[in-house]
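Report on one structure; see the data block that follows.
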Amino acid sequence: MKLNRISFLLALLYVPACLFGQALTPATILHPPKDTWPTYNGDYSGKRFSQLTQINSTNVKDLKLAWEYQAETGDSNPFGTEIKATPLQVNGVLYFTLPDHVWAIDARTGHQIWHYKWKSQGGIHIGNRGVGIYNNWLFFETPDDHLVSLEKDTGKFRWAVQIADLAQEYFSTAAPLVIGNHILVGVGGDSLDVPGFLEARDPETGAVQWHWDTEPKPGQPGSETWPNTDAMGHGGGMTWISGTYDPELNLIYWGTGNPNPVHAGQGRKGSNLWTCSIVALNPDTGKMAWYYQVSPHDTHDYDAVQTPVLFDGVIDGHKRKLLAQASRNGYFFVLDRTNGKHIVTAPYIDLTWSKGTDANGAPIPNPDKEPKPDGALVSPASGGGTNWPPPSFDPETGLFYVNADYSFSVFYLTDTSAHPEGFAGRDAGIWSQSMLKAIDYKTGRIRWSHKYRVEEGSEGSGVLTTAGKLVFSGDPAGNLIAFEAATGKILWHAGLASSVSNGPITYELDGRQYLIVAGGPTIYAFTLPE
Amino acid sequence: MNKFKSSCVLAALIFGTTLFLAGQEPQVPASNPPPPEPPAGAANGPHPGPAAQLPASGPRAGGATKPAAQGPPNRAAMMRKFLGIGAPPDPAAVDRGQKLFVANCAFCHGSTANGGATGPDLVRSVVVLHDQGTGKDIGKVVLNGRPDKGMPKFNMTEAQIKDIAAFLLSRTQAAANRGSYEIQNIVTGDAKAGETYFNAHCSSCHSPSGDLAHIAAKYDPVALQSRFLYPRDRRAFGTEGPPPNPKSEITVKVTLASGQSYEGRLDHIDDFSVALVEPSGEYHSWLLDAEKGIKVEVHNPLQAHADMLPEYTNADMHNILAYLEKLK
């Protein structure tokens with residue numbers, strides 16, 4: 001009988017392995033195998049560069065559609081059905097989202113495995129960037145400000161915790177980022193001047209591990225960049241795009257959004273730290289190591305949430321640990337990521353909002369170009385030189401690739417009181433032109449630029465680079481395009497029913513490389529013929 | 001996989017993809033009105049972009065000389081839906097609540113509730129935002145006061161408190177709903193200087209007594225300012241919008257290696273194909289890589305407007321508007 005009891009105990013030990021597929025451990029995320037795409041950016045660097053070479057510049061012309069999957073929500077969303085999520089691919093399963101919805105589909109065939117729908121209490125359903133996975137648990141954020149955890153293999157609900165206050169007009173779109181046993185959750189919302197923050201949550205319970213505020217408290221360093229406690233307490237600075245992580249330095253890098261009120265600066269004179277900044281935080285404590293503000297005293301809605309991309313490079317003959325951002329304000333920045341010291345600032349589009357840069361490489365706002373009651377004509381428009389779609393860095397070409405818009409807008413200040421609230425202004429988009437830019441990280445100079453042959457701009461598509469000497473992205477006319485990374489020459493394209501609406505990813509399964517993109521409500525998979 | 005969505009791109013060319021709600025590109029035939037413009041903030045993350053703008057303003061109704069209300073009447077309502085803001089409170093209750101507020105609360109909190117000499121801003125107050133116009137949360141504070149912060153008790157009925165709550169809800173919704181913001185007077189420039197600028201830069205294509213006669217009677221100032229910068233037909237969300245303007249139509253001439261050429265309205269163009277509709281109504285399209293030696297010449301009559309955008313100072317823009325406003 002003793003043997004039976006042992007067998008029973010052994011069987012119990014095996015239960016988790018029977019119930020769940022292979023867990024995605026934090027250690028695997030640190031060194032992602034080629035058959036997976038385990039985080040928002042594929043790896044912690046944010047490069048979105050894949051070592052895979054099966055699809056390459058010589059055979060990409062043969063790329064063919066393998067399958068497509070159309071996501072049906074059954075909802076009527078005033079923002080439409082557009083997959084902005086970067087899918088995660090773990091153990092041959094793709095996980096992606098729309099606001100309030102998560103799907104698991106077979107990464108080889110596109111067949112649906114499960115679909116989960118969150119019952120919403122409201123909030124702005126503008127988009128969702130995807131899920132995070134820790135072992136066997138999946139995490140996503142909702143428009144009504146919950147962090148929801150599901151079992152990754154079944155889609156079964158585990159728990160949900162509130163991460164922000166819907167009544168204060170917060171809403172959440174970010175893809176949670178898993179680092180060790182921390183689930184990093186960013187938030188959004190700028191209708192009513194609420195403060196931004198970033199939190200680490202416990203993967204087992206959802207409890208807060210640490211909380212970092214975008215604004216300092218009265219008397220703390222940085223508070224001198226605000227006129228008073230009230231302005232500082234309503235200062236905005238949302239954290240709505242997943243950041244990046246350097247395990248050696250044990251620092252996370254996160255971009256923060258615009259200050260509030262969005263278009264009115266008169267009630268918040270000063271540079272408004274740490275809005276429109278790149279901040280380096282300790283992932284275990286949330287303690288800030290350094291910051292660099294890319295848009296002091298923003299009044300144009302130029303969030304600086306764009307991915308802070310990490311790579312090592314050579315500057316003036318010295319090997320450096322670098323961080324680069326093509327920021328919404330139209331400038332490209334390169335920093336030393338060990339200490340935040342500035343290395344390069346260069347505009348990647350023609351812009352008019354700034355008078356140039358200071359000794360520290362920070363742009364100087366031009367007061368003439370701040371929103372005015374009778375309008376100020378400004379480039380770029382509030383959507384920026386680029387927006388949320390993820391860029392890519394190819395370490396082999398040394399080029400940073402970003403979909404950019406050259407655009408103009410008239411910015412109107414509508415609330416001229418000393419105590420403005422909300423957006424406090426409006427902007428009227430006038431004109432824009434979309435293009436893909438390849439930026440030399442050492443100088444910020446444009447190596448090549450491809451202006452899409454469509455007159456007007458668009459929200460833009462994300463970018464993927466591969467060791468196959470390729471850049472994948474999309475144009476505003478609905479084409480998925482493969483460019484030669486070094487030259488920008490077009491090597492292949494496919495016309496989709498909607499423009500590429502997310503960041504493309506790639507992985508290898510059964511010896512076959514897949515390229516995955518979303519266009520509107522559809523996920524498309526491409527491979528080479530057998 | 002070489003299917004093209006020509007209707008979308010046509011609309012993109014003529015009316016501006018920037019105005020589309022991304023992912024909601026309507027599959028309209030070429031002759032249909034342009035797609036609707038979503039409210040600002042629709043396309044980009046939590047923030048608005050050029051990719052998504054409500055028109056700064058709308059056409060003036062029936063050539064009225066009095067400036068029309070800015071924007072289509074449903075602008076604020078559409079933005080309310082996009083932002084997920086709840087239903088507006090009963091206007092009668094808001095009126096009663098405003099009178100009560102001004103009489104009892106404005107001394108400390110300001111007559112518009114956004115803070116006064118001694119009382120805090122209530123528009124962005126967490127208590128008010130959680131109250132949602134019910135009076136339940138606000139009532140506790142009104143009836144009990146906040147002695148620690150120097151706020152006295154007020155003897156009010158439940159109905160009075162509900163009315164004050166309705167007024168405060170209307171204030172928070174007005175601040176949160178940027179679709180309801182009114183642009184102030186923008187006709188601030190020097191019309192004489194505007195005329196000089198016009199004669200130097202615009203008169204080769206436009207005439208105040210010809211194509212621009214009575215232009216200021218057709219559009220309110222905000223629409224007119226947007227239109228002279230780039231005269232795109234902006235369709236307001238939820239409306240049919242103006243018909244395509246043949247004057248702003250992009251045309252194309254396609255010449256094949258054989259020497260045969262086609263001319264017409266540009267239906268679609270991207271890096272891989274071009275399509276046009278001849279005056280007869282006949283549609284033609286070509287794949288650029290399949291048609292060796294193809295020559296494509298696009299004529300955008302609005303190009304000069306785009307080229308001018310980096311040139312204007314704010315003063316130029318305001319002066320030109322002041323001049324155009326004289327063309328009633």
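Chain A is the first sequence line, chain B the second, and so forth, proteins listed ahead of strands; every chain is numbered from 1.
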Problem set entry | Any donor-acceptor N or O pair under 3.5 Å, side chains B:D271, A:H450 | yes
Exercise. When heavy-atom pairs shorter than 4.5 Å are enumerated against chain B, which of A:D193, A:V305, A:L166, A:T352 gives the highest number?
Worked result: A:D193
For this session: List the atom of B:R124, the atom of A:P420, and the distance in Å for their closest heavy-atom pair.
Result: NH1-O, 3.9 Å
Exercise. Does the side chain of B:F272 reach to within under 4.5 Å of the side chain of A:N479, using non-hydrogen atoms?
Worked result: yes
Seminar exercise, completed: Heavy-atom nearest pair, A:Y412 first then B:Q225, reads OH-NE2, 3.0 Å
For this session: Mind ranking A:K369, A:K372, A:H419, A:H125 by heavy-atom pairs under 4.5 Å with chain B and telling me who comes out on top?
Result: A:H419
Problem set entry | Minimal non-hydrogen separation, B:L229 against A:V410, with atom names | CD1-CG2, 3.4 Å
Exercise. Of the backbone (N, CA, C, O) and the side chain (C-beta and beyond), which part of A:I481 lies under 4.5 Å from a heavy atom of chain B, both, or neither?
Worked result: side chain
Exercise. Side-chain contact, heavy-atom cut-off 4.5 Å: B:F82 with A:I124?
Worked result: no
Exercise. Non-hydrogen atoms of chain B under 4.5 Å away: do they reach the side chain of A:E169, the backbone, both or neither?
Worked result: side chain
For this session: Go through the atoms of B:V274 and report whether side chain, backbone, both or neither lie under 4.5 Å from a heavy atom of chain A.
Result: neither
Seminar exercise, completed: Turns out that what part of A:L480 lies under 4.5 Å from chain B's heavy atoms comes down to neither
Exercise. Shortest non-hydrogen contact from B:H318 to A:G375?
Worked result: NE2-O, 2.9 Å
Exercise. Cut-off 3.5 Å, side chains only: do A:H234 and B:D121 have a donor facing an acceptor?
Worked result: no
Exercise. For chain B, which of A:A376, A:G127, A:G519 has the most heavy-atom pairs under 4.5 Å?
Worked result: A:A376
Problem set entry | Contact summary for B:N314 and A:L377, nearest pair of heavy atoms | OD1-N, 3.1 Å
Seminar exercise, completed: The interface call for A:D350 against chain B, heavy-atom contacts under 4.5 Å, is neither
For this session: Indicate yes or no: does A:D415 engage B:R178 in a salt bridge with an N to O separation below 4.0 Å.
Result: no
Problem set entry | Best-contacting candidate, A:S417, A:G425, A:S191, A:G422, against chain B by heavy atom pairs under 4.5 angstrom | A:S191
Exercise. Side chains of A:D165 and B:H130: does their closest heavy-atom pair fall under 4.5 Å?
Worked result: yes
Exercise. Do you know which of B:V298, B:L129, B:T313 has the most heavy-atom pairs under 4.5 Å to chain A?
Worked result: B:L129
Exercise. Where do A:E421 and B:R171 land on the side-chain contact (heavy atoms from CB on, under 4.5 Å) test, with the steps shown first?
Worked result: CA-CA 11 Å; A:E421 290 173 328; B:R171 291 285 303 117; 4.1 Å; yes
Exercise. Taking every heavy-atom pair that is under 4.5 Å apart, which of A:A424, A:S379, A:G123, A:P143 has the most such pairs with chain B?
Worked result: A:A424
For this session: Could you check if a side-chain atom of B:Q184 sits within less than 4.5 angstrom of a side-chain atom of A:T416, using non-hydrogen atoms only?
Result: yes
Problem set entry | B:D289 portion near chain A, given a 4.5 angstrom heavy-atom threshold | neither
Problem set entry | chain B contact via A:A174 - which portion, at a heavy-atom distance below 4.5 Å | neither
For this session: Heavy atoms only: give me the nearest B:Y181-A:F423 pair and the separation to one decimal.
Result: OH-N, 3.0 Å
Exercise. Which bit of B:P310 is near chain A, if near means a heavy-atom gap under 4.5 Å: side chain, backbone, both or neither?
Worked result: both
Problem set entry | Proximal component of A:Y302, with respect to chain B [non-hydrogen, under 4.5 Å] | neither
